[in-house]
Number of protein chains: 2
Amino acid sequence: MVTLAEVAKAAGVSPSTVSYVLSGKRAISEPTRARVEQAISLLGYHPHAGARALAGKRSHIIALVVPLHTDVYVPVMMEIAISVTMAARQFGYDVLLITNDEGPDGVRRVARSGLADGVILMDVQMDDPRIAVLRETGTHSALIGLPRDARGLACVDHDFVRAGRLAAEHLAELGHREVAFIGYPAAVYERHAGYAERTRSGFEEGARQLGLRAVHRPCDGTYESVAGVFTRILADRPGTTGFVVQNEGAIGPLLSLLRAAGRVVPEDASVVALCQEPLAEQFSPRLTAVSGPTRELGTRAVELVMSRLNGDVPDDVTLLTPVLSRRESSGRAPTKVA
Amino acid sequence: MVTLAEVAKAAGVSPSTVSYVLSGKRAISEPTRARVEQAISLLGYHPHAGARALAGKRSHIIALVVPLHTDVYVPVMMEIAISVTMAARQFGYDVLLITNDEGPDGVRRVARSGLADGVILMDVQMDDPRIAVLRETGTHSALIGLPRDARGLACVDHDFVRAGRLAAEHLAELGHREVAFIGYPAAVYERHAGYAERTRSGFEEGARQLGLRAVHRPCDGTYESVAGVFTRILADRPGTTGFVVQNEGAIGPLLSLLRAAGRVVPEDASVVALCQEPLAEQFSPRLTAVSGPTRELGTRAVELVMSRLNGDVPDDVTLLTPVLSRRESSGRAPTKVA
DNA sequence: TTGTATGCGTTATCAC
DNA sequence: GTGATAACGCATACAA
């Protein structure tokens, strides 16, 4: 292991000088800085993380708590994790991955041990038990998601209410009168996942105001589940011409089922997906979709934690605005239904 | 911050005793152990990670290097990351997430700074530049994947050659004579991703030995791409009755295209997917699939790193055996093709 | 079975 | 603009 002391000796300066060259916390003459930097790269010196954490009272690590369950769309989680990691590096921080199987204790452990300077929580529930730990330990944090009580917390999330409303508005503008929402598995609503409930309420509220008849149906990702839901919707509301899908796994099956039912998209039925653009592009026809800036969720969360580490502690709830991209799967409502 | 010294005072013992109670590295009488443990939980003590790393020469952290590109099936990556994290916790280790945008330097930084005691590399290329860094720094590591030169390295991966062969064998047994392999995007083969090349060679070799006529086609995940590949296959080899798909995004489109072409699965054409069981279950018909134990990839990698941290340094290449689960998408080859 | 003392590699305070 | 030096909190060799 190359130490700071060795660098100092090689450069012919004191250890403190090397430290200050690295931290930039005091003025260094150009010649000495050059000598020190040369010695550093010559010896391949990297400061010892543990020593730095001990002396500097900062580990330069933030913890990212990821959910275990797989009923959220996994690629989105991964994209967030990666954007968090890359954003953190911009601040000289690394990211520690914590799985939620440790529960709130994981947060406590990481905070109390000084392993992490801050914590980012993903998949935040309306009443999330981890939040109590954040408050109790006074841990700097940012939440990706929106809990019921966000006082004193920094949160960032998609504006799911808006997303749901956008989908309803789009269908209404196209003249659809009866619309159906195919949602996440029932379990997701049962554990009160905010994103699911908020999308639903935005959609239903929007539909109501626009005079649409709307139904909402939870749905697993399997073909059978979608088939069951689809059949039931058409039985209950044969006049349904607009479909909104939030469960990514249900998109493919829904398109197949519409085709099998002889309903051509978008002539006979319109489909609006609530999903990422790349996914929407993969289907045929390409899907009109409502989506938000996923990576920004991660970068914003990191920025929030960083500003809190620097002493700023404003309440902060940021909702990122989703946009609707119109593609081939939505069109004017048919004048007459089969 | 609660320190070990405070715990010692509270329990009426010396600091070293507290330390030894925690590490279990020397015998402690039952009464004092009890007093110490009580003090620990009373004060909510957690050892300071940095101090521990500094004094103990071990950070109790392993780094996991994840790929950036999204052309590998992301849920599998996530599952590995989670299984690595959970397995590491069993050994008292945490996991640091490193994205590959730092390249080999990320590995160097983490190893040289003592931030991590070991490294797990995901998505290992045939000639992976990160491996040189592992060798140069003498870092304890495990690779998920199989590089060209694995000397001195611990590797674990699916036996993709076997997986490809299994798919070919299954189709051969069912009487298919002309088969097509729909693979990953061309870019994946161009960067010589081992899993892609090995699956392909296992499939082609197996097909050859079994007297099958086989074609292999790279394919993007988009509907258009699959349609193009599918059309070309049928044009070149109208007698093709067996399809093997490795690109998860291509599965849905392929099934749609077969249906549109009037080919009923499995009566007119058989489909074998190389994917995880849950995904295979989602389609209709449920897919016959070849899959390997994904989570075990993570746990094995962790075990390999841990044993190396303890001084064992055997060359070790473990290939996990995939299995074929027969479902509804494969059946006897049609006696006559339309 | 327990206590004492030293050192790990930084940061930051004080002095020059 | 630079150099000593005292923490930081823990692990462990050495003593008892």
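It should be emphasised that the depicted structure is a prediction, and the values quoted were computed from it without experimental measurement. These numbers come from the heavy atoms of this one structure, side chains and all, not from hydrogens, waters or symmetry mates.
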[X] side-chain N/O to [Y] backbone N/O, donor-acceptor pair under 3.5 Å:
{"X": "B:D117", "Y": "B:H60", "answer": "yes"}
{"X": "B:R295", "Y": "B:S83", "answer": "no"}
{"X": "B:R130", "Y": "B:D105", "answer": "no"}
{"X": "A:R308", "Y": "A:H140", "answer": "no"}
{"X": "A:T139", "Y": "A:S141", "answer": "no"}

Does the base of [N] carry an N or O that pairs as donor and acceptor with the side chain of [X] under 3.5 Å?
{"X": "B:R26", "N": "C:dT2", "answer": "yes"}
{"X": "A:S16", "N": "D:dA4", "answer": "yes"}
{"X": "A:S29", "N": "D:dG1", "answer": "no"}

May I ask you to say what B:V13 touches in the nucleic acid, namely base, sugar-phosphate or nothing, with a heavy-atom cut-off under 4.0 Å? sugar-phosphate
Euclidean distance, atom [atom1] of residue [X] to atom [atom2] of [N] [Å, nearest integer]:
{"X": "B:H60", "N": "D:dG9", "atom1": "NE2", "atom2": "P", "answer": "18 Å"}
{"X": "B:M1", "N": "D:dG9", "atom1": "CE", "atom2": "C1'", "answer": "8 Å"}
{"X": "B:R33", "N": "C:dT2", "atom1": "CZ", "atom2": "P", "answer": "9 Å"}
{"X": "B:R58", "N": "C:dG7", "atom1": "CZ", "atom2": "C1'", "answer": "18 Å"}
{"X": "A:K25", "N": "C:dT13", "atom1": "NZ", "atom2": "P", "answer": "9 Å"}
{"X": "B:L22", "N": "D:dG9", "atom1": "CG", "atom2": "C1'", "answer": "13 Å"}
{"X": "A:K9", "N": "C:dT10", "atom1": "NZ", "atom2": "P", "answer": "13 Å"}
{"X": "A:R35", "N": "D:dT2", "atom1": "CZ", "atom2": "C1'", "answer": "11 Å"}

Starting from the 5' end of DNA chain C, give me the residue, B:A27 or A:T3, whose nearest nucleotide shows up first. B:A27
When A:S19 and B:L54 are each assigned the nearest nucleotide of DNA chain C, the 5'-most assignment goes to B:L54
Positions of residues 41-48 of chain B (non-hydrogen atom under 4.0 Å from DNA chain D), listed by number: B:Y45, B:P47, B:H48
Considering all heavy atoms of both residues, which atom of A:M1 and which atom of B:R112 are nearest to each other, and what is their separation? CE-O, 3.3 Å
Taking only residues two or more places apart in sequence, or in another chain, which ones meet B:T3 in a side-chain contact (heavy atoms from CB on, under 4.5 Å)? B:A5, B:E6
Between C:dA12, D:dT2, C:dC8, which one does the side chain of B:K57 approach most closely? C:dC8
Report yes if at least one side-chain N or O of A:S14 is closer than 4.0 Å to OP1 or OP2 of D:dG3; otherwise report no. yes
Would one find a side-chain N or O of A:T32 under 4.0 angstrom from OP1 or OP2 of D:dT2? yes
